[in-house]
Amino acid sequence: MNALKERILGAVTVMNYADTLRLWRIISDEFGNAGADWDAIPDEEPDDVDLQMLAEIEADSDCREFVPSSEAEEMLNL
């Protein structure tokens, strides 16, 4: 994962619900295909690699970098 993706994930982690919902709408509007039903995408259980990454994130504070939502908005040109 590149540094920008990590910063985006960090920003989403600290967002309140309203900001997260706003970001989701932007993502849906910008990247959703016309007529695509996001709710129709099936959920998947995490595999061993996913679980390993999640465990590393929990165990190593250096795996997380948090930025204020205002900085994240600036980086995303919102």
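The structure presented is a predicted model; accordingly, all values stated were derived computationally and were not measured. Along the sequence shown, residues are numbered consecutively beginning with 1.
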Subject >> Beyond-backbone contact of Ile26 with Leu76, side-chain heavy atoms, under 4.5 angstrom >> reply: no

Original post:
From Ser69 OG over to Leu23 CG, what is the distance, rounded to the nearest 0.5 angstrom?
Top reply: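 Going from OG on Ser69 over to CG on Leu23, the span is 11.0 Å.
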
Subject >> Interatomic spacing from OG1 in Thr13 to CD1 in Ile8 - rounded to 0.5 Å >> reply: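 So the gap between those two atoms works out to 11.5 Å.
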
Original post:
Partners of Glu74 by side chain to side chain contact (heavy atoms under 4.5 Å, CB included), sequence neighbours excluded?
Top reply: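 With neighbours one apart ignored, the set is empty.
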
Original post:
What pairs with Asn16 under side chain to side chain contact (heavy atoms under 4.5 Å, CB included), at least two apart in sequence or on another chain?
Top reply: Ala18, Asp19

**OP:** Would you please name every residue forming a side-chain hydrogen bond (donor to acceptor under 3.5 Å, both in side chains) with Arg22, sequence neighbours left out?
**Re:** Glu73

**OP:** Treat each ILVMFWY residue as a node, draw an edge where side-chain heavy atoms are under 4.5 Å apart, and state whether Val14 and Leu21 are in one component.
**Re:** no

Original post:
Is Trp24 reachable from Val12 through a run of I, L, V, M, F, W or Y residues, each pair having side-chain heavy atoms under 4.5 Å apart?
Top reply: yes

Only pairs under 3.5 Å count here: list side-chain donor-acceptor contacts from residues 42-56, not counting sequence neighbours, and write none if there are none.
from  : atom 1 : to    : atom 2 : distance (Å)
Asp47 : OD1    : Val49 : N      : 3.1
Asp47 : OD1    : Asp50 : N      : 2.8
Asp50 : OD2    : Asp47 : N      : 3.2
Gln52 : NE2    : Glu56 : OE2    : 2.9

